[in-house]
Amino acid sequence: MGNRRVLNMSTLWLFLALAASGCGSQFESETPSVPTGTVQVKLQEVASGLAFPLYLTAPPGDPRLFVVEKGGAIRVIKSGALLPTPFLDLTGKVSTGGEQGLLGLAFDPAYATTGRFIVHYTDPAGDTRVSAFHVSTDPDRADPTSESVILTADQPFSNHNGGQIVFGPDGYFYLALGDGGSEGDPRGTGQDLGDLLGSILRISLAGSSGYTIPPDNPFVAVSGARPEVWSYGLRNPWRFSFDRLTGDLYIGDVGQSRLEEIDVAPAAEGGGRGSNFGWNLMEGTSCYAGASCDTTGLALPVLEYDHTQGCAVTGGYVYRGSAIPALQGQYFYADYCSGFVRSLRMSGGAVIEHADWPTLRPGGSVPSFGEDAAGELYILSADGRVLKIIPG
């Protein structure tokens with residue numbers, strides 16, 4: 001634990017520096033242009049002492065919480081206590097420079113039967129690896145020898161790795177990859193359908209190993225395109241999620257030097273199938289490389305904010321829990337650097353409500369949200385805390 005804490009602090013400063021690059025002004029201490037939420041809510045500390053927690057999730061129907069640490073461990077919160085022994089520790093197999101690390105975790109929808117879960121991490125060479133593991137005979141411990149590699153991708157730089165992995169409402173497996181890093185997408189991967197980077201991928205894990213391509217993926221029959229690609233034109237989708245009620249896809253895509261954005265792809269319109277979210281033609285709703293550009297066919301963000309307010313968006317979830325009925329349908333997101341927590345509500349393809357939640361600010365950087373099996377939401381703080389959103 002002590003070694004992981006040293007790793008936590010050293011990588012935290014580098015992560016902050018990389019995320020904040022290009023921000024030329026101070027963040028607003030208050031956000032008067034965004035109304036304050038009217039529902040009484042607050043944060044309840046569930047656990048502390050974690051080493052840079054980056055994600056939280058749970059298997060279907062399971063009361064435990066599984067927390068991903070950047071350095072390579074998955075920790076378990078059980079009956080309100082953080083277990084001392086990790087569920088899985090990949091520390092020796094994970095690179096942690098810059099924005100690298102253990103970035104994502106997803107449980108098989110039939111986890112109670114299969115015991116299978118998927119992780120997304122950067123290997124010692126800094127490249128993306130997505131692998132399946134299985135639980136051991138101890139339900140609080142995984143079998144570290146059970147790794148089966150599903151997908152790999154070369155990463156030219158240490159930033160913009162994406163990291164989110166989820167089983168979608170259709171049962172297929174979705175994973176996000178950033179544009180490969182550096183600045184401005186120097187390799188043009190965001191608009192390159194022949195490259196996995198800068199995209200959300202959709203694959204089938206129905207077999208015993210590896211993956212297959214769903215036949216209705218949008219670019220299966222397109223010459224030169226990677227059939228895994230579901231959506232593209234993304235810079236660094238730092239957390240995407242599906243509304244567990246509607247199936248709508250929400251993406252927090254980190255901007256370059258000016259704008260952070262939230263993208264929404266309604267399930268009724270394909271849930272992002274074939275969508276081009278614009279990078280690097282666009283940054284938010286603005287042309288990136290010049291005063292004008294062709295926006296024909298692009299899926300532009302439903303919301304953006306500039307770098308006077310923050311510097312790196314953290315995507316979250318639409319609240320579908322039962323503890324706070326008044327929050328139903330609100331999508332929560334945050335900014336990593338300024339630490340604000342906000343929400344929006346969609347109707348008819350447009351944002352109809354936008355709110356700031358001062359009582360949900362953890363007082364530090366927000367690397368991720370989390371959702372438990374019941375749909376209740378959590379905020380992770382880079383200082384090692386797990387905080388639950390509860391009635392105030």
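None of these values were measured; they are calculated from a predicted model. Below, each value reflects all heavy atoms present in this structure, side chains not excepted, and no hydrogens, waters or symmetry copies.
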R258 vs D306 side-chain heavy atoms within contact, under 4.5 Å:
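No, their side chains stay 4.5 Å or more apart.
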
Minimum heavy-atom distance I324-I390, with the two atoms named
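Looks like CD1-C, 3.6 Å.
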
Shortest non-hydrogen separation from G278 to N276 and the atoms involved:
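For G278 and N276, the tightest heavy-atom pair comes out as N-OD1, 2.9 Å.
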
Please name the residue in the list Y174, Y331, F369 that meets the side-chain contact (heavy atoms from CB on, under 4.5 Å) test with S241.
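Testing each of Y174, Y331, F369 against S241, the sole residue satisfying side-chain contact (heavy atoms from CB on, under 4.5 Å) is Y331.
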
Does the distance from a Lys or Arg side-chain N to an Asp or Glu carboxylate O, for [X] and [Y], drop under 4.0 Å?
X: R226; Y: D195; value: no
X: R361; Y: D356; value: yes
X: D123; Y: K93; value: no
X: R187; Y: D179; value: no
X: R244; Y: E371; value: yes

Side-chain ([X]) to main-chain ([Y]) donor-acceptor, under 3.5 angstrom:
X: E283; Y: S257; answer: yes
X: S338; Y: Q309; answer: yes
X: Q40; Y: P391; answer: no
X: S199; Y: L201; answer: no
X: H120; Y: G163; answer: yes
X: S368; Y: L54; answer: yes
X: S275; Y: S231; answer: no
X: D372; Y: A374; answer: yes
X: Q191; Y: W279; answer: yes
X: D185; Y: G190; answer: yes

Does either side chain, that of [X] or that of [Y], offer a donor lying less than 3.5 Å from an acceptor on the other one?
X: E261; Y: Y305; result: no
X: T145; Y: D143; result: yes
X: W357; Y: S343; result: yes
X: Q100; Y: S158; result: no
X: T285; Y: E304; result: yes
X: H160; Y: Q155; result: no

Flag yes if [X] and [Y] sit in one hydrophobic cluster, no otherwise; membership is Ile, Leu, Val, Met, Phe, Trp, Tyr, and two members link when side-chain heavy atoms are under 4.5 Å apart.
X: I165; Y: L196; answer: yes
X: V229; Y: V220; answer: yes
X: F240; Y: L177; answer: no
X: I379; Y: V68; answer: yes
X: V119; Y: Y55; answer: yes

Can you classify the ring geometry of F107 versus Y111 as parallel (below 30°), tilted (30 to 60°) or perpendicular (above 60°)?
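Ring orientation of F107 relative to Y111: perpendicular.
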
Verdict with supporting geometry, I251 and I200, side-chain contact (heavy atoms from CB on, under 4.5 Å):
CA-CA 10 Å; I251 308 167; I200 291 177; 3.7 Å; yes

Dump the intermediate steps for salt bridge (Lys or Arg N to Asp or Glu O under 4.0 Å) on D170 and R273, then the final yes or no.
CA-CA 13 Å; D170 55 8; R273 185 181 188 275; over 6 Å; no

Can you check whether F87 and F117 have ring centres sitting under 6.0 Å from each other?
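When the ring centroids of F87 and F117 are compared, they turn out to be within the sub-6.0 Å range.
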
Hey, mind stepping through Y250 and Y333 against ring pair (Phe, Tyr, Trp, His ring centres under 6.0 Å) and telling me if it holds?
CA-CA 10 Å; Y250 287 73; Y333 70 99; over 10 Å; no

